[in-house]
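The structure under discussion appears below in the form of structure tokens.
We name chains A, B, ... by the order of the sequence lines, and we start the count at 1 in each one.
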Amino acid sequence: MTYPLDKFKNEIISQLKKILSEYECEIRLEISPEGMGDFAFPCFSLAPLVKKSPNDIAESLADKIEKSKWIAKAEANGGYVNFFVDDEYLISSTLRSIFEMKEKYGHLQKKNKKVIIEHTSANPNGPLHVGRARNPIIGDTLVRIFKAAGYDVESQFYLDDMGKQVAILAWGLNNLDSKNVPKSEYDKPDHQNVGFYQAANELMEKDEKVAEEIGEIVKRSEHGESKTIELIHKAYALVLEGINKSLHRINIQIDKYIPESTFVRDKSVEQVINKLKKTKYCHEEDGAFYLDLESFGIQGRNTKFFFLRKDGTTLYATRDVAYHQWKAKHADLLINVLGEDHKLESRQVEIALKLLGTKISPRVLFYAFVSLPGGKMSTRRARVVYLDELLDECIERAYREVEKRRGSELSEGEMKKIAEMVGIGSLRYNIIKVQPEKDIVFRWEEALNFEGNAVPFIQYAHARACSILSKIKDEKRDFDSNTLKHDSEVKLMKQLARFPLFIEDASSGYKPHIIANYLYETASKFNQFYRDCPVLSEKNTMLGKSRITLVDATRIVLNNALELLGISAPEEM
RNA sequence: GGGCGUGUGGCCUAGCAUGGAUAUGGCACUGGCCUUCUAAGCCAGGGGUCGCGGGUUCGAAUCCCGCCACGUCCGCCA
């Protein structure tokens, strides 16, 4: 599908190409600053080719641009050519596009490409905590954005069912008396069981015998001993169920859980090892094998990437290589969302994949941890805020806000419903609105701020639109684009027209926070329209109808964009 | 010691890939707007050496070099 602004853009580009056909240059348009036009063409890079000043070039280009149904005018300004779209034509074609496509408006052409997005992949030894909360939220938002961008998307949770962490949990569950284990006030199985992990971990650090027993569990599971595998499976299954419930609460659905053991069982790890051993970078040390990665630009104290222990068992990264080979066979594009602590491991896997001739390397999004004002969170040391706790607090705070404002009008049930949407939305929005690489220090006051650039602002705009629409009986949406002349109307319309461009940018640049910014801008422009343009009391019937249509179009776009972030759009709040 | 990332008004943040038009917005602060579609809103105002120092360029928040601070990693852990 081609959206109105794409058509406008294409026409500008084709005209510029014709005019500039004698020069070798790439034609790239920017969005003009507000009030200066719709798209801008910078002429600076052309200056040395044409041997004229950017401003002169811009002026002569502006002169040569022909007006059309799309292009209302072209104007030179400070080395740029600013293109003005024909407002009336853009408004009518955008409104038609929105009502034609409804909940699909903004979505891009099907690409017939499969993407596997791996995210969360948390050790199933305890509940999800806020330190890593960015992972599922960034991951799920990417899933939604890539679906909208026309990809066939599958989300995967790589399940560590072989390592030390689950072995510690299994040992704890089987050897500790629940009396000696700290209790959780939460009913959920992940919270109920994490104490066993914490207590066992503490013992292991003090007592060598315990450490040995746990090491034994790891070894036996890797050798495929079914009793041990069963023991581990039973231990983490409950925790995983709890994790899954937490994810559901924040509107996240994982398509597939892929256990690490899969690749040991089907011998693909063994093949990886055999092939890696044959490369010229492979060396042996004390019976263990490693790749020397120095020539790949890996620096530091140790450039050795061990992939096989001297006891013949594999390592996490080795199994990860096998997993990625498998993924590469089933997709055209791989995306991983990982904590920044995985940077080196990820690089090792990437190099190994190259050595093995794997066609696709994953595109990895690293995120910085969320820390507490005093430092880093740790499940092991029980110095954490769990995701469930944060969520409860968000919802409770939201409830108090709703009650304060609407307590006299709404029932408790209605308020609870709204609080749920606002609380969960707040968490997702606050996390997604900043770039993943930025450190976040978690402070309750900031996380639960409900004013300004925060999710209630956006949801409130949506609710306002719904409130207006609920007062109208006529379901038919009629408009005359000629009547929508007010500055606030035109700015809002153009913002709605730009939605597909933002989906394109967010997906091609792997930048989910772009959608959050877009939503904020859209809600803000709607609020300005709301201030300037009465809808229900408008006497001129055609203008009134057109405004109703614009309100409905805004509602659709806000709803679609919120959907991309996995945030509910309340009809009332 | 080395690698990677981050550093933008008191606090948070956009822009950095592809150098270019007055550095984006929010919180907090000051003042104004509810007899009109929900004031979780709107308008106005003050507040900036874009970490520091060099360089490239007609032009640098953006590119290059050096330094500083914070985060993260440098296990036959995951």
Which nucleotide wins on minimum distance to the side chain of [X], given the candidates [options]?
X: A:Met573; options: B:rA40, B:rC37, B:rG26; result: B:rA40
X: A:Leu344; options: B:rA40, B:rC74, B:rC42; result: B:rC74
X: A:Asp286; options: B:rC42, B:rA28, B:rC76; result: B:rC76
X: A:Ser467; options: B:rA40, B:rG41, B:rC37; result: B:rC37
X: A:Lys164; options: B:rG75, B:rA28, B:rC37; result: B:rG75
X: A:Ile418; options: B:rA40, B:rA78, B:rG26; result: B:rA40
X: A:Val422; options: B:rA40, B:rA39, B:rU72; result: B:rA40
X: A:Lys343; options: B:rA40, B:rC4, B:rC76; result: B:rC4
X: A:Phe369; options: B:rG26, B:rU72, B:rA78; result: B:rU72
X: A:Lys471; options: B:rC42, B:rA14, B:rC37; result: B:rC37

Excluding sequence neighbours, so at least two apart, what forms salt bridge (Lys or Arg N to Asp or Glu O under 4.0 Å) with [X]?
X: A:Lys539; value: none
X: A:Arg406; value: A:Glu409, A:Glu572
X: A:Lys491; value: A:Glu34, A:Asp487

What does [X] touch in the nucleic acid at a heavy-atom separation under 4.0 angstrom: a base, only the sugar-phosphate, or nothing?
X: A:Glu345; result: base
X: A:Phe289; result: nothing
X: A:Glu340; result: base
X: A:Val551; result: nothing
X: A:Ala454; result: nothing

Could you tell me how the ring of A:Tyr158 sits relative to the ring of A:Tyr323: parallel (under 30°), tilted (30 to 60°) or perpendicular (over 60°)?
->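 Ring orientation of A:Tyr158 relative to A:Tyr323: parallel.
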Report the relative orientation of the aromatic rings in A:Tyr367 and A:Phe369; use parallel for angles under 30°, tilted for 30 to 60°, perpendicular for over 60°.
-> perpendicular
Please check if any side-chain donor atom of A:Ser546 sits under 3.5 Å from a side-chain acceptor atom of A:Thr483, or the reverse.
-> yes
Going by atom types alone, do A:Asp38 and A:Ser32 pair a side-chain donor with an acceptor below 3.5 Å?
-> no
On a whole-Å scale, what distance lies between the [atom1] atoms belonging to [N] and [M]?
N: B:rG51; M: B:rG46; atom1: C1'; answer: 25 Å
N: B:rC65; M: B:rC27; atom1: P; answer: 39 Å
N: B:rU57; M: B:rG45; atom1: P; answer: 40 Å
N: B:rC58; M: B:rG47; atom1: C1'; answer: 32 Å
N: B:rA61; M: B:rC52; atom1: P; answer: 11 Å
N: B:rG59; M: B:rG5; atom1: C1'; answer: 29 Å

Paired with [N] by Watson-Crick or G-U wobble geometry, both distances under 3.5 Å: which nucleotide is it?
N: B:rC4; result: B:rG71
N: B:rG41; result: B:rC33
N: B:rU24; result: none

So which pairs with a foot in [range] pass salt bridge (charged side-chain N to carboxylate O under 4.0 Å, His left out), sequence neighbours left out?
range: residues 311-320 of chain A; result: A:Glu222-A:Arg319, A:Glu260-A:Arg319
range: residues 123-138 of chain A; result: A:Arg132-A:Asp341
range: residues 420-434 of chain A; result: A:Asp140-A:Arg428
range: residues 506-521 of chain A; result: A:Glu521-A:Lys525

With syn defined as a glycosidic angle within 90° of 0 and anti as everything else, classify B:rC34.
->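 Syn.
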Test of ring centre spacing under 6.0 Å for A:Phe83 and A:Phe39 =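 They do not qualify: ring centres at least 6.0 Å apart.
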Without decimals, in angstroms, what is the distance between [X] [atom1] and [N] [atom2]?
X: A:Leu338; N: B:rU72; atom1: CG; atom2: P; result: 17 Å
X: A:Glu409; N: B:rA40; atom1: CD; atom2: C1'; result: 13 Å
X: A:Gln348; N: B:rG3; atom1: CD; atom2: C1'; result: 12 Å
X: A:Lys511; N: B:rA14; atom1: NZ; atom2: C1'; result: 11 Å
X: A:Leu293; N: B:rG75; atom1: CG; atom2: P; result: 12 Å
X: A:Tyr429; N: B:rA14; atom1: OH; atom2: C1'; result: 11 Å

Quick one, give me the B/S/- string for nucleotides 7-12 of chain B, reading 5' to 3', where B means a protein heavy atom under 4.0 Å from the base and S means that only happens at the primed atoms, P, OP1 or OP2.
-> SB--S-
Establish, with yes or no, whether the OP1 or OP2 oxygen of [N] is under 4.0 angstrom from a side-chain nitrogen or oxygen of [X].
X: A:Arg309; N: B:rC77; answer: yes
X: A:Arg347; N: B:rC73; answer: no
X: A:Tyr520; N: B:rU24; answer: no
X: A:Asn527; N: B:rC42; answer: yes
X: A:His342; N: B:rG5; answer: no
X: A:Arg547; N: B:rC37; answer: no
X: A:Arg531; N: B:rC43; answer: yes

For A:Ser53, all residues meeting side chain to side chain donor-acceptor pair (under 3.5 Å), sequence neighbours excluded | A:Asp56
Non-neighbouring partners of A:Gln348 that pass side chain to side chain donor-acceptor pair (under 3.5 Å), sequence neighbours left out |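 Residues passing side chain to side chain donor-acceptor pair (under 3.5 Å) with A:Gln348: none at all.
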For nucleotides 19-21 of chain B, which of its nitrogen or oxygen atoms have a protein nitrogen or oxygen under 3.5 Å away, and what is each distance?
residue, atom, partner, partner atom, Å
B:rG20, O2', A:Tyr80, OH, 2.3
B:rA21, N1, A:Asn82, OD1, 3.2
B:rA21, N1, A:Asn82, ND2, 3.0

Close N/O contacts between protein and nucleotides 31-36 of chain B (under 3.5 Å):
none

A:Tyr510 ring centre to A:Arg363 NZ or CZ under 6.0 Å, with the angle to the axis within 45°?
->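 Yes, a cation-pi geometry holds between A:Arg363 and A:Tyr510.
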